[in-house]
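All chains are named by letter (A, B, ...) in the order of the sequence lines, taking the proteins before the strands, and each is independently numbered beginning at 1. As the structure is a prediction and not an experimental result, all values here were calculated from the model.
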Protein chains: 2
Amino acid sequence: MTSLTELQSVTDPVTPAETCLEGSDKGRKCDQVLAGARRVFMEKGYEGASVDEIAKAAGVSKATLYNHFTDKRFLFIEVMKAECDRQSEGIKDIINPNAPLEEALLGAAMRFVTFKTSTLGQEIFRICVAESMRFPDIGRSFYDSGPGVITACMVNFLEERCQKGELDIDDCEMAASQFGALCKASLFDKRTFGVIGLPSAADIAITAEEAVRTFLARYGVPKGA
Amino acid sequence: MTSLTELQSVTDPVTPAETCLEGSDKGRKCDQVLAGARRVFMEKGYEGASVDEIAKAAGVSKATLYNHFTDKRFLFIEVMKAECDRQSEGIKDIINPNAPLEEALLGAAMRFVTFKTSTLGQEIFRICVAESMRFPDIGRSFYDSGPGVITACMVNFLEERCQKGELDIDDCEMAASQFGALCKASLFDKRTFGVIGLPSAADIAITAEEAVRTFLARYGVPKGA
DNA sequence: TTTAATTTGAACCGAACGGTTTAGTTTGTC
DNA sequence: GACAAACTAAACCGTTCGGTTCAAATTAAA
């Protein structure tokens with residue numbers, strides 16, 4: 001069984017990446033700016049965030065901020081790139097390819113539900129949805145580093161288990177996508193729209209279990225190996 | 001089988017509601033304002049939209065706008081309330097309770113996938129996700145008028161069919177939510193994050209069929225009545 | 001035609017916006 | 001201790017923001 005404590009890595013606090021204006025500055029103040037920008041952008045959105053507020057949140061003068069980043073748009077894009085990288089790093093190991101089928105699926109489901117309903121997961125999702133019209137590249141980056149990574153990992157895993165005869169799937173892309181979708185049942189929408197807060201471990205477990213059950217009802221092989 | 005043409009009603013163009021400052025004005029200019037505000041808010045978001053731009057889009061002077069609505073926040077809330085009402089109106093009849101089981105489910109899935117990936121469905125979803133932190137009530141309203149309505153209708157339908165012995169479901173709330181989630185597989189995320197544009201009727205049909213198949217694999221009764 | 005109610009464009013307000021500049025201070029290195 | 005780099009607060013730029021005001025124009029009923 002998958003313990004909940006090990007899931008924490010996916011929803012850890014934030015320490016921004018090393019991206020700066022001219023490739024890999026010493027980056028002390030630079031990271032401060034990214035951290036402050038991240039905080040303000042996530043809370044207020046792109047238009048709602050002012051550069052003055054970001055500088056203040058970063059504990060940095062506005063002049064310094066503009067020494068590191070050409071303008072507000074660029075700063076926002078850098079923040080989101082770093083955030084997407086973090087996301088894909090935390091998500092790529094979401095499935096244990098060596099575990100028994102049901103255990104592997106349940107573990108992945110637990111981690112996925114946990115992340116998607118976490119404050120961090122919600123923040124990233126919210127701002128990417130909000131700004132992916134104004135910044136189309138950010139939408140793509142989010143998909144590639146989030147749903148895309150998960151789907152790719154799942155497809156890989158599912159194909160292996162199909163060859164082992166543990167699963168019976170025609171379209172592994174569709175199956176992987178359905179697995180991810182099932183993990184969003186019950187909790188995700190309610191969390192996103194403020195109907196519930198952070199779900200309890202029990203609620204997460206139930207949602208994950210039900211997702212796996214429905215998934216296996218469709219794609220699992222009847223009984224014997 | 002459900003034809004695609006009858007689905008149009010859910011994704012029709014917009015004619016705003018009759019809400020105004022002091023209960024049901026003659027509402028000619030008032031509707032103009034709401035229509036213009038809707039357009040600009042949907043495209044730019046709350047902070048990105050300026051009142052001058054809204055007035056211009058509405059073909060109305062800023063003074064007139066402020067004669068009808070106390071301030072920008074109130075105008076935004078009114079627009080979103082009207083939009084949520086439209087949504088719940090278009091969505092409440094999404095399932096035909098008298099059709100044979102599989103046909104009813106497939107019809108509902110088709111309509112749901114079509115709406116959720118439509119330009120209108122995406123616009124409403126995007127802005128509600130974006131602004132439901134700044135305006136918590138809007139998040140709730142969206143949930144109640146969208147996912148909430150669908151879930152409620154589905155729960156109702158599923159319970160009926162369980163009593164008829166056509167389905168075998170423990171938790172109808174969970175099952176209804178999973179049905180909705182399955183309809184978002186494959187297309188919804190890609191559409192939201194700009195990986196694809198408007199999906200083809202064929203893609204919608206495939207997604208809906210696969211959703212129903214997985215749903216029935218879990219909750220359908222084996223074979224005979 | 002008189003009267004009252006709306007609507008209009010335009011000017012206007014103080015505040016905040018993104019972004020720049022400057023003069024001066026801290027910092028790390030040799 | 002000297003020196004260059006990085007940083008700072010603060011003033012400043014022009015623009016735009018949400019919101020108000022007002023005289024003139026338009027409308028609609030009487």
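- The side chain of A:K29 places no N or O atom within less than 4.0 Å of a non-bridging phosphate oxygen (OP1 or OP2) of D:dC7.
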Fill in: side-chain hydrogen bond (donor to acceptor under 3.5 Å, both in side chains) between A:T117 and A:Q122, intermediate numbers included
CA-CA 6 Å; A:T117 59; A:Q122 288 278 309; over 6 Å; no
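- Between the CD atom of A:E47 and the C1' atom of C:dC17 there is a distance of 10 Å, given to the nearest Å.
- We find that NZ of A:K72 is positioned 15 Å from P of C:dA16, with the value rounded to whole Å.
- Nucleic acid contact class of A:A55 (heavy atoms, under 4.0 Å, all strands): none.
- Listed pair A:H68 / D:dA6 fails the phosphate criterion, with no side-chain N or O lying under 4.0 Å from OP1 or OP2.
- Nearest to the side-chain atoms of A:V51 among the listed nucleotides D:dG18, C:dT8, C:dG18 stands C:dG18.
- Residue B:S50 is in sugar-phosphate contact alone, with no base atom involved, counting any heavy-atom pair closer than 4.0 Å across all strands shown.
- OP1 and OP2 of C:dT8 both lie 4.0 Å or more from every side-chain N or O belonging to B:K62.
- Distances from the side chain of A:A63 to the nucleotides C:dG18, D:dC17, D:dT8 place D:dT8 closest.
- A:R73 places its CZ atom 13 Å from the C1' atom of C:dG18, with the value rounded to the nearest Å.
- One interatomic measurement links the two molecules: CG of B:D52 to C1' of D:dT16, which rounds to 8 Å at whole-angstrom precision.
- The existence of a salt bridge linking A:K62 and A:D52 is confirmed by a sub-4.0 Å separation between a basic side-chain nitrogen and an acidic carboxylate oxygen.
- Spacing between atom CD1 of A:I54 and atom P of C:dC17 amounts to 11 Å, rounded to whole angstrom units.
- Among the candidates A:Q87, A:E89, A:E83, the single residue satisfying the side-chain hydrogen bond (donor to acceptor under 3.5 Å, both in side chains) test with A:S145 is A:Q87.
- By the 6.0 Å and 45° rule, B:K72 stacks over the aromatic ring of B:Y46.
- Heavy atoms of A:G59 sit under 4.0 angstrom from primed sugar atoms or phosphate atoms, though from no base atom.
- Distance OH (A:Y66) to P (D:dA11): 19 Å, rounded to an integer number of Å.
- Distance A:L65 CG to C:dG19 P: 10 Å, rounded to the nearest Å.
- Regarding B:L75, its CG atom lies at a distance of 15 Å from the P atom of D:dC17, rounded to whole Å.
- For A:M133, the CE atom counts as loosely surrounded, since its 6.0 Å shell holds 12 or fewer non-hydrogen atoms of other residues, nucleotides or ligands.
- Of the side-chain N and O atoms in B:T64, one or more sit less than 4.0 angstrom from OP1 or OP2 of C:dT8.
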